[in-house]
Amino acid sequence: MTLPETLSRTLHRVPRHPHAWIWLALALHLGAVVVWWRWGWMPGLACLFATHLLFLWGTMRPQSRLFGPVLNRLPIAQNAVWLTVDDGPSHETEALLDLLDRHEARATFFLVADRAAARPGLAREILRRGHGIGNHSRSHPQAWFWALGPRRMAAEIDRSQAILHDLTGQAPRWFRAVVGMANPFVSAPLKKNGLARVAWSARGFDGVRGEPGKVVSRIVGQLQPGAIVLLHEGAPHGNNLAIIEGVLEAMRERGYRAILPEHL
Ligand SMILES: [Zn+2]
């Protein structure tokens, strides 16, 4: 096996058994029924509650592998990190591309397909400038993504993949769940589209918090070899560019490069 094959197998892991969770759910519910029948309703109900809590945890925790593989960091020892920018394209994308060029940094942009379709040149420009694009849903339903049923979930992921492919001529290989929450229905459309899910190991909550100093120092505290850094563009607070610039400067001071997993 060649090295790129080994790497793509360890890093780019498309779900192979997207319905395995159904057997887990059946086994746990059957277990709860047995406990109920054998020891009474109180322990039975406690088991049922624990089962549902486990599934909720598997959905809400972005790094959870309960429902399928997820990449949380790159397995490298050198001082390099993967910068990922969610929620674009936006009015800030062009300035962000210039900022990344000035720092000779490459990033992966997890695009919302409806936003990419509204600014059709930007997705192509991102690729032309040497960055990557990923699938971050069609419409970014952030309040309800975690609770979408199988049909709406598949529509969000499939449509986004088709739109981004049409716009750029390239099908994304990476997927990031909206707000990081991937429920059991995410894996089937990922398998269908050959997508691998990516979470992160460093974030400063820059999607909602606007104080660059605090956000940058939080991210910098989590910089490690192979870290996957979660960043955003176009947030209403208007400070995403300042935050990303702060992160790039802190990386330079500490001798960190920005790399893409494709270039490992
Ligand atoms: Zn997002």
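Whatever order the structure lists ligands and atoms in, that order sets their numbers, starting from 1. In what follows, every heavy atom counts, from backbone to side chain, and hydrogens, waters and symmetry copies are set aside.
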Open item on the list: Closer than 4.0 angstrom, basic N to acidic O: yes or no for Arg128 and Glu125?
Closed with: yes
TODO: Could you pull out the atom name of the N/O/S atom in Asp87 that is nearest the Zn ion (ligand 1)?
DONE: OD1
Open item on the list: Is there a side chain to side chain contact (heavy atoms under 4.5 Å, CB included) between Arg152 and Glu156? Walk through the geometry before answering.
Closed with: CA-CA 6 Å; Arg152 275 206 63 196; Glu156 278 290 336; 4.2 Å; yes
TODO: Please state whether the rings of Trp82 and Phe110 are parallel, tilted or perpendicular, taking 30° and 60° as the class boundaries.
DONE: tilted
Open item on the list: If the test is ring-ring contact (aromatic ring centres under 6.0 Å, His included), which one of Phe67, Phe145, Trp21 qualifies with Phe185?
Closed with: Trp21
- [ ] Taking the Zn ion (ligand 1) as the reference point, name the nearest N/O/S atom of His140.
- [x] NE2
- [ ] Tell me whether Asp86 has at least one N, O or S atom under 2.8 Å from the Zn ion (ligand 1).
- [x] no
